[in-house]
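Please read all numbers here as calculations on a predicted model, not as lab measurements. Each chain gets a letter, A, B and so on, in the order its sequence line appears, and its residues count up from 1.
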Amino acid sequence: MSKITTIKGFADLFPPESEVYSLMEETARDVFTRYGYRELRVPVLEHTELFARSIGAETDVVQKEMYTFPDRKGRSLTLRPEATAGMMRACIEHGLQEGVSKYFSHGPMFRYERPQKGRMRQFHQIDCECLGAHEPQADAEVIFMLMHFLGALGLSGLELNLNTLGCKACRPAYRELLTAYLQGLDQELRCEDCRRRVQTNPLRVLDCKNSGCRSLTENAPTMHDNVCPDCRDHFNVVRGLLEQGGQKFVLNHRLVRGLDYYMRTTFEVVSTNIGAQSSVAGGGRYDGLVAQLGGPDVPGIGFACGMERLAMLMNTTQERRQDFFLAVLDEKALDQAMLLACALRRDNKSGDVSFAAKSAKSQLRQAGKSGARHCLILGGDEFAKGSVLVKDMRTGEQKEILQEELIKALDSL
RNA sequence: GCGGAUGUAGCUCAGUUGGCAGAGCACCUGGUUGUGGCCCAGGUGGCCGUGGGUUCAAAUCCCAUCAUUCGCCCCA
């Protein structure tokens with residue numbers, strides 16, 4: 001019989017790693033709530049069209065990375081490759097309130113890519129979306145919040161990259177300008193991919209990691225120098241706010257995001273020491289997206305954090321702590337022991353109880369490994385007296401205590 | 001989709017020129033009739049990824065295949 005295994009690019013998370021993910025989720029909730037965000041839970045499966053319309057039909061994500069399949073009635077469904085589209089869909093479907101709405105979410109996303117370090121086919125993101133604010137103060141707040149969150153996870157050594165992508169008024173002109181510039185040095189472009197990109201997505205040439213391409217585009221016109229006055233003013237306010245707030249950042253004119261809906265402010269947080277997949281969070285403004293999905297013309301800005309990548313940066317040494325381990329030395333006492341343990345748990349104590357009467361030595365060993373503060377020993381003698389022997393695992397002191405006084409005794413020890 | 005590396009015990013990995021399948025950690029039992037960590041003794045645990053080939057003989061050499069992994073692409 002062949003073994004059934006996980007699907008390629010899908011992973012089981014055991015402790016302590018699973019606990020790191022819980023910690024990230026709790027921290028996110030704690031921090032985001034302070035900024036007025038509330039949780040939105042949306043489905044993992046959506047109509048394919050949602051993603052085609054929001055992310056961009058020409059992007060790699062939509063063209064070759066989605067888990068798309070027909071349901072039993074032939075409708076095309078897709079496992080979400082990112083969170084924003086579904087959250088926008090939900091907001092539109094249930095009617096947006098006037099003013100600003102702030103939502104966060106977290107959960108699994110799916111992309112059919114070749115797995116590698118920090119990249120799974122099922123991966124997890126924490127997302128924040130702020131709708132209804134076109135002002136640059138909203139951009140700055142979102143960035144402050146993201147950095148606050150990453151700081152609360154105890155991460156350091158991260159770099160915030162910032163850029164503006166212009167808007168639908170000024171980006172087309174820049175795109176032409178850049179294309180013309182790139183075609184001027186077409187022969188010298190070293191990498192194959194960039195030759196193709198000049199045609200399909202010229203902005204991506206700026207983002208190429210090939211050092212030859214990078215030096216060739218060193219003097220290319222930048223979006224930043226070619227945005228319209230409105231975009232320039234917007235970006236300057238964002239930069240000014242970050243500076244005043246003491247948030248360091250790097251202006252990176254090569255920062256071009258892969259999803260079509262981004263405009264104006266974009267940002268990305270990178271780490272230098274987790275291998276090739278260095279981007280741990282990214283986001284930006286997407287003012288046209290809600291309208292594009294059939295909703296009102298409401299502006300938006302948000303970001304996504306890659307939990308797998310954050311996990312690589314967090315130290316996973318969380319010690320196990322329990323209040324007790326209940327060792328049972330006599331078969332007669334097994335039932336009573338289990339009931340006693342449950343009573344302790346109802347009284348907010350945490351701990352394990354033996355289901356089988358084994359040697360004192362082996363159970364003390366087990367108690368030690370469980371990290372229990374006290375080992376409660378219930379053998380034939382204690383069973384007869386209705387008591388329990390309480391051993392302090394740190395000092396080794398032990399004391400016999402009647403079972404009905406146990407709860408009070410554990411508190412005072 | 002393209003390249004490179006690796007598959008041997010639960011985990012991390014040795015395994016020489018082709019010659020009985022190994023270590024450390026973990027786990028279990030005992031040393032102590034009912035007392036952990038340290039120490040000591042013993043023990044469980046393997047289709048050597050899978051299928052074929054060469055050979056008297058294959059974990060080892062050859063072919064295929066699957067899986068994992070690191071890069072590219074792309075993205076969080």
Separation of atom NZ in A:K361 from atom P in B:C39, rounded to whole Å = 13 Å
Taking atom C1' in both B:A59 and B:G49, compute the distance separating them and give it to the nearest angstrom.
-> 12 Å
Inter-nucleotide C1' distance (B:A64, B:G71), Å rounded = 25 Å
Given Watson-Crick and G-U pairs under 3.5 Å, RNA chain B in dot-bracket ([ ] crossing, | other strand) is (((((((..((((.....[..)))).(((((.......))))).....(((((..]....))))))))))))....
Would you list the atom pairs, donor with acceptor, under 3.5 Å between side chains in residues 328-336 of chain A and any protein atom, with sequence neighbours excluded?
{"unit_1": "A:D330", "atom_1": "OD1", "unit_2": "A:K332", "atom_2": "N", "d": "2.9"}
{"unit_1": "A:D330", "atom_1": "OD2", "unit_2": "A:K332", "atom_2": "NZ", "d": "3.3"}
{"unit_1": "A:Q336", "atom_1": "OE1", "unit_2": "A:Q403", "atom_2": "NE2", "d": "2.8"}

Pair A:R29 + A:E25, salt bridge at N-O below 4.0 Å | no
Residue met sooner reading RNA chain B from 5', once A:L329 and A:C305 are mapped to nucleotides | A:L329
Please tabulate, one pair per line, each protein N/O and nucleotide N/O from nucleotides 64-68 of chain B that are separated by under 3.5 Å, including the distance.
{"unit_1": "B:U68", "atom_1": "OP2", "unit_2": "A:K8", "atom_2": "NZ", "d": "3.0"}

Report yes or no: is there a donor-acceptor pair, N or O only, under 3.5 Å between the side chain of A:Q398 and the base of B:U35?
-> yes
For A:Y174, does the OH atom sit with more than 12 other heavy atoms under 6.0 Å from it, leaving out its own atoms?
-> yes
C1' atom, B:U68 versus B:U8: distance in rounded Å?
-> 15 Å
If we ignore angles and hydrogens, is there a donor and acceptor under 3.5 Å between the side chains of A:R89 and A:S54?
-> no
What pairs with A:F144 under side-chain contact (heavy atoms from CB on, under 4.5 Å), at least two apart in sequence or on another chain?
-> A:A140, A:L242, A:Q247
Rounding to the closest angstrom, what is the interatomic distance between B:U29 and B:G36 at atom C1'?
-> 16 Å
SB check A:K64 A:E113 (cutoff 4.0 Å) = no
What is the distance from CD of A:E113 to P of B:C74, rounded to the nearest Å?
-> 11 Å
Taking OP1 and OP2 of B:U69, is either one under 4.0 Å from a side-chain nitrogen or oxygen of A:Q116?
-> no
Starting at atom CD of A:E65, determine the distance to atom P of B:G1, rounded to an integer number of angstrom.
-> 12 Å
Neighbours of RNA chain B within residues 368-377 of chain A, by heavy-atom distance under 4.0 Å = A:G368, A:K369, A:I377
Applying side-chain contact (heavy atoms from CB on, under 4.5 Å) to A:Q122 and not counting sequence neighbours gives A:F10, A:P108, A:F110, A:H124
Per atom distances to the A:Q125 side chain, the nearest of B:A76, B:C75, B:G34 is B:A76
How far, in whole Å, is B:G15 from B:G7 if one measures between their C1' atoms?
-> 15 Å
Euclidean distance, atom NZ of residue A:K399 to atom P of B:G34 [Å, nearest integer] | 25 Å
Taken to the nearest whole Å, CG/A:D330 to P/B:U33 is 17 Å
Which part of the nucleic acid does A:A281 contact within heavy-atom distance under 4.0 Å: base, sugar-phosphate only, or nothing?
-> sugar-phosphate
How about A:F104 and A:Y37: are their ring centres within less than 6.0 Å of each other?
-> no
Rounded off to whole Å, could you give me the NZ-to-P distance for the A:K64 and B:C2 pair?
-> 12 Å
Set of residues satisfying side-chain contact (heavy atoms from CB on, under 4.5 Å) with respect to A:K369, sequence neighbours excluded = none
Does any donor atom in the side chain of A:S354 or A:Q363 lie under 3.5 Å from an acceptor atom in the other side chain?
-> yes
For A:E176, does the CD atom have more than 12 heavy-atom neighbours from other residues, nucleotides or ligands under 6.0 Å away?
-> no
For A:E243, what residues pass the salt bridge (Lys or Arg N to Asp or Glu O under 4.0 Å) criterion, not counting sequence neighbours?
-> none
Using a cut-off of 4.0 Å on non-hydrogen atoms, how would the nucleic acid contact of A:G380 be classed: base, sugar-phosphate, or nothing?
-> base
Do you see a donor-acceptor pair shorter than 3.5 Å between the side chains of A:T78 and A:T68?
-> yes
Base, sugar-phosphate, or nothing: which does A:D381 touch, judged by heavy atoms less than 4.0 Å apart?
-> base
Which listed nucleotide (B:C70, B:A76, B:G30) is nearest to the side chain of A:R365?
-> B:G30
Give every donor-acceptor pair under 3.5 Å between a side-chain atom in residues 153-166 of chain A and any protein atom, sequence neighbours left out.
{"unit_1": "A:N163", "atom_1": "ND2", "unit_2": "A:N252", "atom_2": "O", "d": "3.4"}
{"unit_1": "A:N163", "atom_1": "ND2", "unit_2": "A:L255", "atom_2": "O", "d": "3.0"}
{"unit_1": "A:T164", "atom_1": "OG1", "unit_2": "A:G166", "atom_2": "N", "d": "3.4"}

Just jot down the salt bridge (Lys or Arg N to Asp or Glu O under 4.0 Å) partners of A:R346, sequence neighbours excluded, or say none.
-> none
RNA chain B contacts made by residues 141-154 of chain A, counting heavy atoms under 4.0 Å = none
note: A:K358, atom NZ; B:G36, atom C1'; distance rounded to Å ~ 14 Å
Can you figure out which of B:G36, B:A76, B:G30 approaches the side chain of A:L364 most closely?
-> B:G36
In whole Å, what separates the P atom of B:C27 from that of B:U33?
-> 23 Å
Tell me what A:Q63 touches on the nucleic acid: a base, only sugar-phosphate, or nothing, going by heavy atoms under 4.0 Å.
-> nothing
With sequence neighbours left out, the residues meeting side-chain contact (heavy atoms from CB on, under 4.5 Å) with A:K361 are A:S359, A:R365
To the nearest angstrom, the CE-P distance between A:M109 and B:A76 comes to 11 Å
Counting side-chain heavy atoms from CB outward, which of B:A76, B:G34, B:G36 is closest to A:M393?
-> B:G36
For atom P, what is the distance between B:C11 and B:G19, given to the nearest Å?
-> 26 Å
